[in-house]
Amino acid sequence: MTAPTPPGLSAAAEKALREAMERLFTGRPIRTDGKLTKQNLWREAGVSRATMNRATAVLVDWDNHVSQSAASKHDQAQAAEIARLRRQLRDSRHERQRLQDEVDAAATVIAALLAENAALRERVAFPPARQPQPTSPAATCRTS
């Protein structure tokens, strides 16, 4: 004896969902691209999404099978890899910004040193005219 069909769900709809689930799991879809998604399940079965949502026993079987499938494990591994790569990208961007800040600071220092160096070279090349040193008042007021 089979389990009773939940209220609001016909036996034909449940059968269509189970057949669609089998086709998707075996890689022989008729109406979809074959990805193991609930959207593909209800489309493959030819029922509405609401009808699929009322088929709780079918959805429990679906979730159990999908969570244990190689495709699901592959998807989980890919999601973990994507998360790792996103963290790595974020860290690389922060490091690049830190290095750019260092380069900007170094460029500022180099520009200041270049200006100072140019001023010193000009001073060496064109020294200011020597002005006589003022003599002390005692030296000018000698009485003999």
Side-chain angles (χ1 to χ4, degrees), residues 1-140:
M1 185 173 190
T2 62
T5 305
L9 181 68
S10 70
E14 184 172 359
K15 181 179 181 215
L17 283 164
R18 291 205 179 271
E19 289 172 354
M21 189 166 54
E22 185 62 30
R23 285 194 305 273
L24 288 170
F25 290 151
T26 59
R28 296 179 288 116
I30 297 173
R31 299 180 177 130
T32 64
D33 59 7
K35 291 182 182 175
L36 299 180
T37 63
K38 287 183 181 175
Q39 181 173 351
N40 279 352
L41 176 60
W42 62 265
R43 286 183 175 174
E44 187 69 28
V47 299
S48 71
R49 182 181 182 112
T51 299
M52 177 196 69
N53 287 335
R54 285 191 300 273
T56 55
V58 173
L59 291 178
V60 167
D61 291 345
W62 172 268
D63 290 338
N64 288 337
H65 190 278
V66 168
S67 68
Q68 297 171 3
S69 72
S72 174
K73 290 178 181 157
H74 178 70
D75 289 348
Q76 291 170 358
Q78 278 186 332
E81 178 70 5
I82 288 169
R84 184 189 67 77
L85 290 171
R86 284 186 175 148
R87 280 190 307 274
Q88 184 180 0
L89 178 61
R90 184 191 66 230
D91 293 345
S92 294
R93 285 180 175 160
H94 287 309
E95 178 67 7
R96 187 203 59 79
Q97 184 61 50
R98 185 187 67 76
L99 292 172
Q100 184 63 51
D101 292 345
E102 281 186 26
V103 167
D104 293 345
T108 301
V109 170
I110 289 169
L113 290 172
L114 184 63
E116 185 179 343
N117 194 20
L120 289 172
R121 286 179 188 260
E122 186 174 321
R123 206 159 101 190
V124 168
F126 307 105
R130 289 195 168 233
Q131 296 183 5
Q133 295 289 333
T135 55
S136 66
T140 57

Just jot down the side chain to side chain contact (heavy atoms under 4.5 Å, CB included) partners of Gln68, sequence neighbours excluded, or say none. none

Check step by step if side chain to side chain contact (heavy atoms under 4.5 Å, CB included) holds for Arg93 and Arg96. CA-CA 5 Å; Arg93 285 180 175 160; Arg96 187 203 59 79; 5.6 Å; no

Search all heavy atoms of Lys35 against all heavy atoms of Leu24 and return the closest pair with its distance. O-CD2, 4.2 Å

Can you establish whether the number of heavy atoms outside Glu81 located under 6.0 Å from its atom CD is more than 12? yes

With rounding to the nearest 0.5 Å, note down the distance linking CG in Asp101 to CD in Gln97. 4.5 Å

Non-neighbouring partners of Ile30 that pass side chain to side chain contact (heavy atoms under 4.5 Å, CB included), sequence neighbours left out: Arg23, Glu44

Electrostatic pair Glu22:Arg18 at N-O distance under 4.0 angstrom: no

How long is the span from the OG1 atom in Thr51 to the CD atom in Glu14, to the nearest 0.5 Å? 12.0 Å

Heavy atoms, side chains only, cut-off 4.5 Å: are Arg43 and Asp33 in contact? no

Minimum heavy-atom separation for Pro29 and Gly34, please, with both atom names. CG-CA, 3.6 Å

From Asn117 atom CG to Ile110 atom CD1, the distance as rounded to the nearest 0.5 Å: 12.5 Å

Locate the shortest heavy-atom distance separating Met52 from Leu17; write the atom from each residue and the value. CA-CD1, 3.9 Å

Do you know which of Arg90, Arg84, Arg86 makes side-chain hydrogen bond (donor to acceptor under 3.5 Å, both in side chains) with Gln88? Arg84

Between atom CG of Leu113 and atom CG of Leu120, what is the distance when rounded to the nearest 0.5 Å? 10.5 Å

CG of Leu59 to CG of Leu41: how many Å apart, nearest 0.5 Å? 7.0 Å

Is Arg123 atom CZ crowded by more than 12 heavy atoms from other residues, nucleotides or ligands, each under 6.0 Å away? no

I'd like to check the side chain to side chain donor-acceptor pair (under 3.5 Å) partners of Asp91; sequence neighbours left out, ordered by chain and number. none

Taking Asn40 for the side chain and Leu36 for the main chain, is one N or O donor matched with an acceptor at less than 3.5 Å? no

Would you indicate whether Glu116, at its atom CD, is surrounded by more than 12 heavy atoms from other residues, nucleotides or ligands within a distance under 6.0 Å? no

Spacing of Arg54 atom CZ and Ser48 atom OG [to the nearest 0.5 Å]: 5.5 Å

